[in-house]
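Residue numbers start at 1 and run along the sequence shown.
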Amino acid sequence: SSPASHASRINKKTASRGAEGSGGAGKAAALFPLRRSICPSGLPDAIGLPDAIGLPDVKKFTESWILKMNKAKRTAVIAGNWKMNMTPSEAKKTVADTAALVAGKDGAKIILCVPFVDIASAQCGAEGSAISIGAQNVHFAEKGAFTGEISASMLKECGVEYVIIGHSERRQYFAETDETVNKRTKAALAAGLKVILCVGEVLEQRQSGITEEILSMQTKLDLAGLTADDLKNVIIAYEPVWAIGTGLTATPEQADEACGIIRSVVAGLYGGAAAEGLTIQYGGSMNEKNAAELLAKENVDGGLIGGASLVPEKFAAIVDAAQA
Ligand code: 13P
């Protein structure tokens, strides 16, 4: 369904339940708790999660030492995901305008992930600035008969540093699975690219109270086979699908809790040092108004921004919010 109809579904649900409070974020918190309350001892059979995944005891990690992990050890990363927007000439101008506004703001790493055909012109616009131009997808094969696809070595030679992998729009509209996300991630890392790996639950999963399980499963499957060294070149973006393009942002507490779950899963897989060093972004209707509150949270190390990254003033304001 389109983002608009998705949003209207959310609004209908909100209205029919007669939620208290007036703010959209407050309603989200009231209606969609992260943890299930009805079936605490296991997943409903209908969900069909494979037993073999062996989910780590995330609560144990979350409640013990994970909360003491030092946010100050991580640099904020503010990344724009332009999605399918901007022609090459528009890209050059928008990046140049953004570069002028973020000049000297070195408290955050700044990335703009643009359509493949915009990479060269965006790099021209970024010249002399600290903005790194990234891509939005990559194929897992080195080369071959994959009409319309782009390989990791092609991106590398174009000077791309970061590539987004596993965005929910790829999962939803282009049949991306955790298996292909994992393969793309491995191919990107092998070519020397850095990865922004997206995970996040859909609305129905949050309403069913299985967000924790979904995040654990995606994180584990998407990172399968990666070493702790590989992980140094991976950023994880927590993007609740219900918050993308809907104007319905996760509350700072929801974002922090979900990012903390992901960090605890990584701690279970790779140990505390790897988890402490991992940059975890929040994405989903982040804008110049809500960014500061979200970015202040212990487990939120940056943002992956869609709509607001297309407007230099808005994106620069988010970069400002990350300077603290
Ligand atoms: P919006 O910021 O437009 O909600 O998009 C978020 C996103 O999908 C970033 O990858």
Side-chain angles (χ1 to χ4, degrees), residues 43-56 58 81 83 113 116 134-156 160 162-206 208 210-241 244 258 261-270 274-275 278 280-281 283 304:
L43 293 168
D45 286 341
I47 301 296
L49 296 179
D51 285 346
I53 287 170
L55 301 173
V58 288
N81 173 10
K83 309 191 180 183
C113 296
F116 291 131
Q136 300 172 12
N137 191 23
V138 63
H139 197 263
F140 42 78
E142 272 180 39
K143 59 177 161 181
F146 299 100
T147 302
E149 293 297 321
I150 300 286
S151 76
S153 60
M154 291 173 189
L155 293 179
K156 185 70 185 171
V160 163
Y162 285 88
V163 58
I164 296 172
I165 294 179
H167 191 278
S168 64
E169 286 148 18
R170 302 285 327 162
R171 296 177 189 254
Q172 189 178 354
Y173 306 131
F174 303 98
E176 194 80 70
T177 64
D178 287 310
E179 190 190 353
T180 56
V181 168
N182 178 250
K183 285 167 78 174
R184 287 174 209 272
T185 302
K186 286 177 176 159
L189 293 171
L193 296 170
K194 295 175 185 164
V195 172
I196 300 177
L197 174 64
C198 301
V199 298
E201 80 285 1
V202 300
L203 181 62
E204 291 75 12
Q205 291 164 338
R206 179 163 281 265
S208 308
I210 57 165
T211 299
E212 186 174 320
E213 284 81 358
I214 294 299
L215 295 179
S216 299
M217 182 179 69
Q218 289 181 342
T219 303
K220 196 154 187 182
L221 293 175
D222 295 352
L223 296 178
L226 267 60
T227 65
D229 248 11
D230 289 333
L231 202 68
K232 290 178 186 155
N233 292 317
V234 174
I235 290 172
I236 296 184
Y238 166 61
E239 297 211 312
V241 181
I244 295 176
I261 294 290
I262 293 165
R263 197 178 305 286
S264 66
V265 172
V266 169
L269 294 170
Y270 296 98
L278 177 70
I280 304 180
Q281 298 172 316
L304 184 55

Mind checking whether Thr219 and Leu197 have side chains closer than 4.5 Å, heavy atoms only? no
Contacts of type side chain to side chain donor-acceptor pair (under 3.5 Å), residue Lys156, not counting sequence neighbours: none
Taking the side chain as everything from C-beta on, heavy atoms only, tell me whether Glu239 gets closer than 4.5 Å to Cys198. yes
Name all residues meeting the ring-ring contact (aromatic ring centres under 6.0 Å, His included) criterion together with Phe116; count only those two or more places apart in sequence or in a different chain, and write none if there are none. none
CD1 of Ile244 to CD of Gln172, rounded to nearest 0.5 Å, is 8.5 Å
Leu223 to Val234 - nearest heavy-atom pair and separation: CD2-CG1, 4.4 Å
Let me see the working for Tyr238 and Ile261 under side-chain contact (heavy atoms from CB on, under 4.5 Å), right down to the final yes or no. CA-CA 10 Å; Tyr238 166 61; Ile261 294 290; over 6 Å; no
Assess whether side-chain contact (heavy atoms from CB on, under 4.5 Å) is satisfied between Val199 and Ile214, documenting all intermediate values. CA-CA 9 Å; Val199 298; Ile214 294 299; over 6 Å; no
Give, for atom CD of Gln136 and atom CZ of Arg170, the distance between the pair rounded to the nearest 0.5 Å. 9.0 Å
Counting heavy atoms not belonging to Glu149, are there more than 12 under 6.0 Å from its CD? yes
Between Val181 and Gly166, what is the shortest heavy-atom contact and its length? CG2-CA, 3.6 Å
Does any pair with a residue in residues 183-197 pass salt bridge (charged side-chain N to carboxylate O under 4.0 Å, His left out), and if so which ones, sequence neighbours excluded? Glu161-Lys194, Glu176-Arg184
Separation of Asn233 CG from Leu189 CG (nearest 0.5 Å): 6.0 Å
Walk me through whether Leu304 and Ile164 qualify under side-chain contact (heavy atoms from CB on, under 4.5 Å). CA-CA 10 Å; Leu304 184 55; Ile164 296 172; 4.1 Å; yes
Nearest atoms (heavy-atom pairs only) where Ala275 meets Arg263: O-NH1, 2.9 Å
Worked verdict on Ile236 versus Val266 for side-chain contact (heavy atoms from CB on, under 4.5 Å): CA-CA 10 Å; Ile236 296 184; Val266 169; 4.2 Å; yes
The side-chain contact (heavy atoms from CB on, under 4.5 Å) partners of Asp178 (sequence neighbours excluded) come to Arg171, Gln218, Leu221, Asp222
Shortest non-hydrogen contact from Asn137 to Leu155? O-CD1, 3.7 Å
Spacing of CG belonging to Asn81 relative to NE2 belonging to His167, to within rounding of 0.5 Å: 5.0 Å
Could you pull out all residues at least two apart from Asp230 that satisfy side chain to side chain donor-acceptor pair (under 3.5 Å)? Thr227
Using side-chain heavy atoms (C-beta onward) and a distance below 4.5 Å, is Ile235 in contact with Tyr162? yes
Residues that Glu201 engages under salt bridge (charged side-chain N to carboxylate O under 4.0 Å, His left out), provided they are two or more places apart: Arg206
Of all the heavy-atom pairs spanning Ala188 and Val163, show the shortest one and how long it is. CB-CG1, 3.9 Å
Nearest heavy-atom neighbours spanning Gly200 and Leu215: CA-CD2, 3.8 Å
